Amino acid sequence: MSVSDTIRRRVLRGLALNRVPGLHFPGNFLDVSFDRVARSGARLSLDPGPWCADAAGEADLGALAMLADLALGASIRAQLSREARIATVSMSLQFTGAPARGRQRAQARFQGFYEGAASRLGLSRVAVAGAAGLVCFGAGSFMALQPPKGVTLHPVPLRKRGSPFPFFPDAMNLNQEERKILARADAALAARGSFIGNFWG
């Protein structure tokens with residue numbers, strides 16, 4: 001199977017996972033693994049491949065930032081509920097310069113809720129490490145959101161590496177939004193440069 005075919009199948013895999021509500025398409029596309037989520041902390045990871053490699057062959061900066069964001073949020077959501085929706089208020093990451101190669105593992109720890117805010121503002125810190133050691137570390141704050149009236153919130157699916165895979169959609173059996181995503185992926189594959197850079201835009 002060619003690299004382009006591998007990447008295209010990865011996009012279709014992400015679309016299949018995205019049919020289960022609770023997590024956004026980028027997280028499903030990268031197939032982030034929720035290795036452990038508990039009140040004491042969260043461990044998430046992703047296995048990089050040609051679908052998320054930058055021009056140097058390392059994990060894309062956006063993919064790393066999203067992994068860190070999900071880990072930070074998971075450590076705070078663990079204090080609330082899996083159905084809780086939280087919004088990223090701030091996130092800062094300091095990069096060490098180590099190459100982001102191999103499996104990227106994010107470890108986040110809840111630091112408490114900010115006192116005096118109008119809503120619950122959770123604080124957390126994170127470290128992301130790969131095959132070459134610590135890639136980045138940082139902190140984030142997240143606001144707990146009230147669900148819209150009449151809307152049922154779905155729990156974030158805490159998929160782990162090796163979890164059962166849902167029905168794999170055929171490229172001809174996609175809805176309008178899914179066809180747009182696949183078309184964007186095809187355009188990114190046809191363009192010069194790294195796929196993920198072209199795909200994210």
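Quick note: residue numbers are just sequence positions, from 1. Every value quoted in this text rests on a predicted model; they were computed, and no experiment measured them.
- The salt bridge (charged side-chain N to carboxylate O under 4.0 Å, His left out) pairs that include a residue from residues 134-154 number zero, where partners must be two or more places apart or lie in different chains.
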request  = Determine, step by step, whether L17 and L23 satisfy the side chain to side chain contact (heavy atoms under 4.5 Å, CB included) criterion, reporting the C-alpha distance in whole Å, the side-chain angles of both residues, the deciding distance to 0.1 Å, and the verdict.
outcome  = CA-CA 9 Å; L17 292 173; L23 183 61; over 6 Å; no
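- T96 contributes a side-chain N or O that, together with a main-chain N or O of L134, makes up a donor-acceptor pair within less than 3.5 Å.
- Note: the hydrophobic cluster containing V126 also contains M91 (ILVMFWY, side chain heavy atoms under 4.5 Å, direct or indirect links).
- Under a 3.5 Å cut-off, the side chain of R109 and the backbone N or O of G41 do not form any donor-acceptor pair.
- Rounding to the nearest 0.5 angstrom, the gap separating the CG atom in N18 from the CD1 atom in I181 is 6.5 Å.
- Side-chain N or O atoms of R10 include one that pairs as donor or acceptor with a backbone N or O of L30 at under 3.5 Å.
- Within the structure, the salt bridge (charged side-chain N to carboxylate O under 4.0 Å, His left out) test picks out the following pairs touching residues 43-60 (sequence neighbours left out): D47-R103, D47-R161.
- Between I76 and Q111 the shortest side-chain heavy-atom distance does not fall below 4.5 Å.
- Using a 4.5 Å heavy-atom threshold, the side chains of L12 and L174 count as touching.
- Note on V128 and F95: same hydrophobic cluster, where clusters join Ile, Leu, Val, Met, Phe, Trp and Tyr whose side-chain heavy atoms are under 4.5 Å apart, directly or indirectly.
- To the nearest 0.5 angstrom, L64 atom CG is 12.5 Å from D69 atom CG.
- Taking 4.5 Å as the limit, every side-chain heavy atom of V89 sits out of range of all side-chain heavy atoms of Y114.
- Here D31 pairs with R13 under the side-chain hydrogen bond (donor to acceptor under 3.5 Å, both in side chains) rule; sequence neighbours left out.
- A continuous path of hydrophobic side-chain contacts links L158 to L70 [ILVMFWY only; heavy atoms under 4.5 Å].
- Heavy atoms only, all atoms of each residue included: P99 and V135 are closest at O-CG2, 4.1 Å.
- Pairing each heavy atom of A63 with each of C52, the nearest pair is CB-CB, 4.5 Å.
- The shortest non-hydrogen separation linking L44 to A74 is CD1-CB, 4.2 Å.
- Contact detail for L189 and S4: the closest heavy-atom pair is CD1-O, 3.9 Å.
- The ring-ring contact (aromatic ring centres under 6.0 Å, His included) search around F25 returns F29, not counting sequence neighbours.
- Transitive grouping of hydrophobic side chains (ILVMFWY, heavy atoms separated by less than 4.5 Å) brings L80 and F34 into a common cluster.
- The ring-ring contact (aromatic ring centres under 6.0 Å, His included) test applied to F113 returns F110, not counting sequence neighbours.
- Atom-to-atom distance recorded for S33:OG and Q104:CD is 13.5 Å, nearest 0.5 angstrom.
- Under the side chain to side chain contact (heavy atoms under 4.5 Å, CB included) criterion, P155 pairs with R82, E83, sequence neighbours left out.
- A distance of 11.0 Å separates CZ of R125 from CG of L72, quoted to the nearest 0.5 Å.
- Considering all non-hydrogen atoms of both residues, A78 and V37 come closest at CB-CG1, 4.1 Å.
- A distance of 8.5 Å separates CG in N173 from CD in E178, rounded to the nearest 0.5 Å.
- Across all non-hydrogen atoms, the minimal contact from G14 to N28 is O-CB, 3.6 Å.
- Residue S90 holds its OG atom at 8.0 Å from CG of L123, rounded to the nearest 0.5 Å.
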Go through L182 and R8 one step at a time and tell me if the side chain to side chain contact (heavy atoms under 4.5 Å, CB included) criterion holds.
CA-CA 8 Å; L182 185 60; R8 201 169 193 271; 3.6 Å; yes
